[in-house]
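Working notes, structure below.
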2 protein chains.
Amino acid sequence: MTTPRAPRNSLTRERVIVGARALADARGLEALTIRALATHLGVKPMSIYHYVANKEQLLDALVDSVFEEFHLPQPDGEWRSELANRSRSVRDVVTQHPWALAIMETRTHPGPANLNGHEAVLEVLHRAGFTVEAAAHAYAILDAYVFGFALQDVMLRSIQLDTSAAELREEIDLRNHPRLGEMAEFYVHASSYPLDGTFELGLELALDGIGQLRTHIDTESLPSKADAE
Amino acid sequence: MTTPRAPRNSLTRERVIVGARALADARGLEALTIRALATHLGVKPMSIYHYVANKEQLLDALVDSVFEEFHLPQPDGEWRSELANRSRSVRDVVTQHPWALAIMETRTHPGPANLNGHEAVLEVLHRAGFTVEAAAHAYAILDAYVFGFALQDVMLRSIQLDTSAAELREEIDLRNHPRLGEMAEFYVHASSYPLDGTFELGLELALDGIGQLRTHIDTESLPSKADAE
DNA sequence: GATTTATATAGTACAAAGTACGATAATGAT
DNA sequence: ATCATTATCGTACTTTGTACTATATAAATC
């Protein structure tokens, strides 16, 4: 009954983080406790604290491991497609880890992958001819849209999972909410995942709008040296 | 030392919720514990459970009380200005209650104020001539942008509050992040709250884009009867 | 006014979770 | 073979939500 002590190299910081991700993915954020994580790793709770100062720091690392998954835009690529791909990647990854946004919101120390992502996006904008000010606007607007959309994806999904359609109908009272009823109807009969199309549509809008913020000098016609640092 | 029992009408559900909001506003979400709330209300912890089944339900009510604060678009107003005002209101209210987004994310039962808000927005879109499908796109895109922007507002502010500029500079390593350095510089020297302008800019973009989704029939020229249910 | 009933407030106590502190065992160094 | 280092772990304390039960107060009835 008394398990022998785990071998000396059972753990690494990496394994702790990966285990935490697995637990959160499989059983949700509220199931990610130090004790559960220890069990999952075949180890006793206090062993984890050799690799992580406290749970907050574990969550910091967890969030940054999600940022690592985002597609990094290539500085020499075409800005519009690079940003579009990064945006799609962010939405995909975030919806695959529905717990991620909740943790991101409470982080106060941006991790290296997060910072690298910012740098890469800003570099793309810079090379595309955005001034610092234009880039500030463009990035804030695009990120707001992308993370906001992912937020809605996640919230919608969690409602669907936790609350049955019948339960919802009861709570909503369709007599007083005819438009909402229409909309629900529309979504029920819509194709597989109707928000995918909506996301693309809004992404085009955002990129179109952002494009207008560029300096009107067509930087692509300039010699690349003049554009470089 | 032993306080006498609190008088019989010390509490109401309303007072519990208002007290919870005050606590969260003043000391943050993590300070909102049942015990702290009880002290704040001059009452013992278990008394709260006479008005609220559990803490989850309290959070449900808390979130819905925030939705109540959002400006309700007027069905007979001009769609663009109504939606713009609602959007500004959402951002303002959410940034005034930085804890709200975190709770919203984990709710699975939309409250009445939430539903009424949806209904009002959809009604405005309907009267403006949006088909159900167009309204679905428009609403999802606009909400993604607005909540996403508020999310960034909140995250940025919490980083600023919890992490000193010096601390940040140390963690960021500006040698490897020149663009990020430029951007930080720009924000430091920018006017009072530079994101306000960015929000308005993106809002115009979103509303412009959404406008293109309308049916091209100019519904405003139709007799209102033909447009009514 | 006295008695009964309903209910709002509260006391006690337990479980779950983070983690401080110190012990112990496994590895490498001398 | 001894020692130093350090990865793993046991114990125990604190904080939090809250189940269960008790009690006091207001309302209702006689």
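Within every chain, numbering begins at 1; the chains are lettered A, B, ... in the order of the sequence lines, protein sequences first and strands thereafter.
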Subject >> Separation of atom CE in Met46(B) from atom P in dC14(C), rounded to whole Å >> reply: 15 Å
Original post:
Under 4.0 Å between a side-chain N/O of Lys44(B) and OP1 or OP2 of dT9(C), yes or no?
Top reply: no
Original post:
Counting side-chain heavy atoms from CB outward, which of dG17(D), dG18(C), dC21(C) is closest to Arg35(A)?
Top reply: dG18(C)
Original post:
Are His137(A) and Phe130(A) near enough that their ring centres are under 6.0 Å apart?
Top reply: no
Subject >> Interatomic distance where CZ belongs to Arg5(A) and P belongs to dT6(D) [whole Å] >> reply: 16 Å
**OP:** Over 60° means perpendicular and under 30° means parallel, so classify the ring planes of His97(B) and Trp99(B), tilted if in between.
**Re:** tilted
Subject >> DNA chain D-proximal residues of residues 11-34 of chain A, any heavy atom under 4.0 Å >> reply: Leu11(A)
**OP:** Using only heavy-atom distances, decide whether a donor-acceptor pair under 3.5 angstrom links the side-chain of Arg8(B) to the base of dT9(C).
**Re:** no
**OP:** Determine the interplanar angle of the Tyr145(B) and Phe199(B) rings, folded into 0 to 90°, and report it as parallel if under 30°, tilted if 30 to 60°, perpendicular if over 60°.
**Re:** parallel
Subject >> Nucleotide dT27(C), atom P - distance to CG of Asn9(A) in whole Å >> reply: 8 Å
Subject >> Tyr51(A) vs Pro7(B), nearer the 5' end of DNA chain D by closest nucleotide >> reply: Tyr51(A)
Subject >> Glu105(A) side chain vs Ala102(B) backbone, donor-acceptor pair below 3.5 Å >> reply: yes
**OP:** Report the residues that fulfil ring-ring contact (aromatic ring centres under 6.0 Å, His included) with Tyr49(A), sequence neighbours left out, ordered by chain and then residue number.
**Re:** none
Original post:
In whole Å, what is the span from the CG atom of Leu58(B) to the P atom of dG17(D)?
Top reply: 10 Å
**OP:** Write out all pairs satisfying side-chain hydrogen bond (donor to acceptor under 3.5 Å, both in side chains) with one or both partners inside residues 26-36 of chain A, taking only residues at least two apart or from two chains.
**Re:** none
**OP:** Send over the distance from Lys55(B) NZ to dA16(C) P, rounded to a whole Å.
**Re:** 18 Å
Subject >> OP1 or OP2 of dT8(D) under 4.0 Å from side-chain N/O of Tyr49(A) >> reply: no
Original post:
Looking only at atom types and distance, does a side-chain atom of Thr95(B) sit under 3.5 Å from a main-chain N or O of Asp92(B), one as donor and one as acceptor?
Top reply: yes
**OP:** For Gln57(B) and dT18(D), give me the distance from atom CD to atom C1', rounded to whole Å.
**Re:** 14 Å
**OP:** Starting from C1' on dA17(C), measure out to CD on Glu56(A) and report it in whole angstrom.
**Re:** 14 Å
Original post:
Tell me: CG of Leu37(A) to P of dT19(C), nearest whole Å?
Top reply: 13 Å
